[in-house]
Structures are given as structure tokens and as C-alpha cells.
Amino acid sequence: MRYVTFSDEPTITPDEFFMNEALKEAKLALEADEVPIGAVVVCRGKIIGRGHNLTERLNDVTAHAEMQAFTAAANFLGGKYLKDCTLYVSVEPCVMCAGASYWTQISRIVFGAYDPHRGFMRVNQRITHPKTEIVGGIKENECSMMVKEFFLRKRNKT
């Protein structure tokens, strides 16, 4: 992989670049008073699906960021399989979203913040596709702070 740098600007990896895009989606969720989680699906260096939490707006517990991004990407590709694609999501997917990723056959999942309470990695069995590469902790502090601050504000309102 080649990285391009310009003078004294810091180098950013592709994973960091696309996690920034997932964070943009998370900010859209935050602005709508949704849990601030965002996701993008990337294929051959191009974003083909975007999503953020819409569970409150749609009154749908399954309207997670990952599900929105999977649907958008599948529509873009014209098929349900997301082979050779990467999901970037600001928080570790839940069991439902990881299970959905199994059926998409997505090649990689890259997430920001770990979720020790609801994240799929707490389950003691593999629920993602066996060929799916998992990478966690990309821009972890920024991703986790957005969610922590959201819930802190919610608690202080009551």
C-alpha cells in the first residue's frame, strides 16, 4: 500500500480516512438525537453505502447504521453479497449487525470503539463470516467519546 504525503502534513491510512467518513455519519445521527453510530461500506476505494442510526426516527430497532449501509451498498451493487467490500463502523457491531454481515459475506469489518456490553466480540462463537477480517480500535478515542458524551447528556436531562 502506498501513502502520499504533502510536505509536513501527517500521513493518514485508508482505514483512518474511511473511519472519518463513518464518523461523519455518526454526527448526522447525533444531530437527529439518535445514538451516534455511523457506517460506510467501501468497495475498491469508493464509498458505495452510507448509514447512521435511524432507530428513533423509523421506530425500528433494526435500523442500525450497519444495516442502513449494507442496504445502500447492496442496492448500489445490484446484489446482496458484499464480497471485496469493507464495512467501516464507528462502534463495534452488535450481534444482530455482525450476523447480518455474515450473510453479506463482507470481506472486512473495521470498527472504532469496542463495545464490551453489546458488541459481537463478547459472544464466545464466531458469528461473522469465516473469511471476514476484523480490525478494531481505529480512531477509538474519537468514536467512543461521541457515544459517551451522548449518553452523559441523556442522563443529565432526566
Side-chain angles (χ1 to χ4, degrees), residues 1-32 34-54 64-123 126-152:
M1 193 173 300
R2 243 180 71 191
Y3 300 102
V4 177
T5 57
F6 302 99
S7 63
D8 295 329
E9 292 183 30
T11 302
I12 184 168
T13 67
D15 284 349
E16 291 169 325
F17 176 85
F18 290 116
M19 188 58 69
N20 283 336
E21 293 298 310
L23 280 164
K24 288 178 186 176
E25 289 294 319
K27 287 175 185 165
L28 292 174
L30 182 63
E31 290 167 6
E34 297 270 1
V35 176
I37 299 175
V40 296
V41 174
V42 175
C43 186
R44 296 183 190 97
K46 179 181 178 183
I47 295 173
I48 62 168
R50 291 179 172 273
H52 56 272
N53 272 355
L54 294 172
H64 290 193
E66 301 93 326
M67 303 300 252
Q68 305 304 313
F70 288 154
T71 299
N75 287 335
F76 179 88
L77 293 175
K80 61 186 176 181
Y81 297 116
L82 303 178
K83 294 178 181 179
D84 302 320
C85 295
T86 300
L87 169 70
Y88 290 90
V89 60
S90 57
V91 175
E92 177 186 344
C94 69
V95 172
M96 175 186 70
C97 293
S101 77
Y102 175 93
W103 297 107
T104 70
Q105 299 181 17
I106 201 153
S107 297
R108 285 180 83 219
I109 298 174
V110 179
F111 65 87
Y114 289 85
D115 184 348
H117 303 291
R118 292 176 196 86
F120 78 96
M121 295 182 74
R122 72 182 182 90
V123 178
R126 179 86 187 206
I127 57 175
T128 57
H129 195 275
K131 293 182 180 178
T132 301
E133 176 189 354
I134 312 276
V135 177
I138 303 297
K139 300 187 74 68
E140 182 175 9
N141 290 338
E142 189 173 347
C143 293
S144 66
M145 286 307 298
M146 190 180 297
V147 173
K148 286 177 184 175
E149 288 173 4
F150 172 81
F151 284 112
L152 185 60

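When a residue number appears, it is its place in the shown sequence, counting from 1.
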For C97 and M67, run side-chain contact (heavy atoms from CB on, under 4.5 Å): C-alpha distance rounded to whole Å, both residues' side-chain angles, the deciding distance at 0.1 Å, then the answer. CA-CA 7 Å; C97 293; M67 303 300 252; 4.0 Å; yes
Just how far is it from atom NZ of K46 to atom CZ of F18, taken to the nearest 0.5 Å? 11.5 Å
Yes or no on side-chain contact (heavy atoms from CB on, under 4.5 Å) for M146 and K27, after CA distance, side-chain angles and deciding distance? CA-CA 8 Å; M146 190 180 297; K27 287 175 185 165; 3.6 Å; yes
Determine, stepwise, if the pair I134 / F120 fulfils side-chain contact (heavy atoms from CB on, under 4.5 Å). CA-CA 11 Å; I134 312 276; F120 78 96; 3.8 Å; yes
Selection residues 66-84 - residue pairs positive for side chain to side chain donor-acceptor pair (under 3.5 Å), sequence neighbours left out: K83-Q105
Nearest atoms (heavy-atom pairs only) where N53 meets E34: O-CG, 3.4 Å
Hey, is the main chain of I106 close enough, under 3.5 Å, to the side chain of T132 for a donor-acceptor pair? yes
Rounded to the nearest 0.5 Å, what separates atom CD1 in I48 from atom SG in C85? 4.0 Å
Could you pull out the closest heavy-atom pair between I47 and E21, with the gap in Å? CD1-CG, 3.6 Å
Mind checking the CZ-CD1 spacing from F150 to I37? Nearest 0.5 Å is all I need. 9.5 Å
Would you find a donor on one side and an acceptor on the other, under 3.5 Å apart, between the side chain of E92 and the backbone of M121? yes
Check the angle between the aromatic planes of H129 and Y102 and answer parallel, tilted or perpendicular using the 30° and 60° thresholds. tilted
Between V35 and F151, the two heavy atoms sitting closest are CG2-CZ, 3.8 Å
Taking atom CG of L82 and atom SG of C43, what is their separation to the nearest 0.5 Å? 8.5 Å
Exercise: identify the closest heavy-atom pair between P93 and A98: CB-N, 4.1 Å
Between atom CE of M19 and atom CD of E140, what is the distance when rounded to the nearest 0.5 Å? 10.0 Å
Tell me if a side-chain donor or acceptor on S90 pairs with a main-chain N or O of G38 at a distance below 3.5 Å. yes
Heavy-atom closest contact (V135 atom, R108 atom, distance): CG2-NH2, 3.6 Å
Do N20 and I12 pass the side-chain contact (heavy atoms from CB on, under 4.5 Å) test, and can you show the C-alpha distance, the side-chain angles, and the key distance before you say yes or no? CA-CA 10 Å; N20 283 336; I12 184 168; 3.6 Å; yes
For E16 and K139, the nearest pair of non-hydrogen atoms, with its separation, is O-CD, 3.8 Å
